Amino acid sequence: MSQVKDEKLGFQGREKMDWARRHMPVLAQIHERFQKQRPFAGKKIACCLHVTKETGILVLALQAGGAQVSLCGSNPLSTQDDVAAALSEEGISVFAWRGISNKDYYQALNRALDVKPHVVIDDGADLINTLHTSRTELIKGILGGQEETTTGVIRLRAMARDGALKFPVIAVNDTPTKHYFDNYYGTSQGTLDAIMRSTNALMAGKTLVVAGYGWCGKGMAQKAHGLGAKVVVTEVDPVKALTAYMDGFAVMPMDDAAKIGDVFVTVTGDKDVVRQRHFQSMKEGAILANSGHFDCEINVSELKGLSTKVQRIRDNNDAYRLKNGKTLYLIGEGRLANLAAAEGHSSEIMDLSFSDQALAAEYLVQNAKNLKPGVHELPNELDQFVARTKLDALGVKIDQLTSEQEKYLESWKEGT
Ligand code: ADE
């Protein structure tokens, strides 16, 4: 039994998933092998993920491998209702709809957990957090978990530091075939897509402020530069700030950036990055978008407090009329813009991230007994397999080490 917005939308969701499948060749290959080998026979997997066409292809691969799968959304504004309906028709228990309230969001997480899962796949760590706070009775049945995003991994490492994490979790985010591609190429393209869809603003000649110069921020800065924007980076980490400077971007505190930016994008993973005093000094018409996981990076309640009126001027674009006479535009209610106001990362990118997730689930089921509670890496062979299979699918060939080269790399004796 599922809870979705409109069951009649399934046909549209299936068409979308057909597109995704055709652009996810690595995951398609894993799906085929899972179907033959059934690594999840008898296992239940609860997923808390953005309910998109790409997530659809992942959960169907897990199901083909023998898993009973339940799925809830990992953000109130990221669920694609047609995909949710299609997955429900395919026998996935789906508890998700776009625009879900906070209360229903947590209820949906609990419904997904009601299956008593062996494995949990999370994006942002809300599901794992719920297990450790209000569903502790289920922990004994859990083999392990998997985390998709930087913010979630940060939360889980904090739990592990406090001795609070009670089972092994694979930090899928941290594997190279995930964050070098998903965070770098996916977030940047999706965020710019979201800003352009909801404003149609020209990026060329604009001053675009990127808060945070992690993998998402680096991608954002590069893509915005490619569109002709003047990029300003704000950072708190001196090494990242220096990297941004040497990459050719202006670096300054948000207090200064706030006065000159036309477009602001937050990708820090932290709260209150753009707040009251920044809003007050912004230029007329500035556009604000957050693509960090949670909606706390832009302090929306302070923005509301400074406003006389908030008007939805078009889909995913709210005009805040400030008491100082200026208007600021907020994309996707300050929730992660690339998913709330666009479609999330392209299928080609999610092919990598979700192949990592599929292989992590198989690895967990086979190896959980040997893994201690805590945050673990995805084994390097699996990461390499995903990259090689993607290259094969793209028709790209690469060199191989000769045996002399292999020996040279393993030896410390040869020098000058
Ligand atoms: N995170 C970012 N993009 C996504 C997508 N297309 N599907 C699921 N999770 C995502």
Side-chain angles (χ1 to χ4, degrees), residues 13 16-24 26-27 45-62 69 71-84 86-87 92 94 96-98 112 120-127 146-153 171-175 177-195 197 214-217 219-220 223 265 267 269 289-295 316 331-332 335-358 360-361:
K16 279 192 180 171
M17 286 199 288
D18 183 56
W19 170 280
R21 191 177 293 108
R22 289 166 189 272
H23 293 83
M24 300 177 84
V26 183
L27 191 52
I45 303 182
C47 302
C48 178
L49 294 167
H50 302 296
V51 180
T52 64
K53 59 192 185 301
E54 292 77 21
T55 296
I57 303 306
L58 170 65
V59 298
L60 293 177
L62 300 174
V69 183
L71 172 65
C72 57
S74 61
N75 184 288
L77 286 188
S78 65
T79 295
Q80 295 167 9
D81 289 315
D82 47 6
V83 171
L87 289 174
I92 307 289
V94 186
W97 59 95
R98 186 181 159 97
V120 285
I121 303 183
D122 215 345
D123 187 334
D126 280 344
L127 195 65
Q146 303 170 201
E147 174 51 51
E148 169 74 5
T149 199
T150 315
T151 299
V153 172
V172 171
N173 175 74
D174 292 359
T175 210
T177 48
K178 199 281 181 179
H179 66 268
Y180 290 177
F181 302 91
D182 179 306
N183 304 29
Y184 185 77
Y185 298 102
T187 302
S188 50
Q189 179 171 316
T191 306
L192 287 164
D193 178 7
I195 294 169
R197 278 192 208 198
W215 283 98
C216 294
M220 274 309 311
K223 297 290 177 299
V265 176
V267 272
N290 164 53
S291 277
H293 184 80
F294 289 117
D295 62 341
N316 301 307
I331 307 304
R335 296 200 185 272
L336 78 183
N338 56 327
L339 280 135
E343 274 182 69
H345 304 347
S346 307
S347 307
E348 292 89 333
I349 289 289
M350 296 314 291
D351 190 24
L352 297 168
S353 314
F354 283 168
S355 293
D356 289 331
Q357 288 285 11

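Keep in mind it's a predicted model, so treat the numbers as computed, not measured. Hydrogens, waters and symmetry mates are skipped; everything else that's a heavy atom, side chains included, is used. Every number for a ligand or one of its atoms is a count from 1 in the order of the listing.
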Atom 10 (C) of ligand 1 [closest protein heavy-atom partner, distance rounded to 0.1 Å]:
Met350 CE, 3.6 Å

As an exercise, identify every atom of ligand 1 less than 4.0 angstrom from a heavy atom of Thr55.
7 (N), 8 (C)

Please list, in number order, the atoms of ligand 1 under 4.0 Å from a heavy atom of Glu54.
5 (C), 6 (N), 7 (N)

Checking a contact table here: which protein heavy atom is nearest atom 3 (N) of ligand 1, and how many Å away?
His345 N, 2.8 Å

Do Val69 and Cys47 have side chains that get closer than 4.5 Å, going by heavy atoms?
yes

Non-hydrogen atoms of Leu339 versus ligand 1: any pair closer than 4.0 Å?
yes

The closest protein heavy-atom partner of atom 1 (N) of ligand 1 is His50 CD2, 3.7 Å

Tell me, which protein residue and heavy-atom name are nearest atom 7 (N) of ligand 1, and how many Å apart are they?
Thr52 OG1, 2.6 Å

Would Lys223 and Tyr185 count as a cation-pi pair here, with the cationic atom under 6.0 angstrom from the ring centre and within 45° of the axis?
no

What class does the angle between the rings of Trp215 and Tyr180 fall in, given that below 30° is parallel, 30 to 60° is tilted and above 60° is perpendicular?
tilted

Stepwise, does the side chain to side chain donor-acceptor pair (under 3.5 Å) test hold for Thr52 with Gln80?
CA-CA 6 Å; Thr52 64; Gln80 295 167 9; 5.2 Å; no

Please say whether Asp123 places an N or O atom under 3.5 Å from an N or O atom belonging to ligand 1.
no

Side chains of Asn183 and Asn173 in contact at under 4.5 Å (non-hydrogen atoms)
yes

For the pair Glu148 (side chain) and Asp122 (backbone), establish whether a donor and an acceptor sit closer than 3.5 Å, ignoring hydrogens and angles.
no

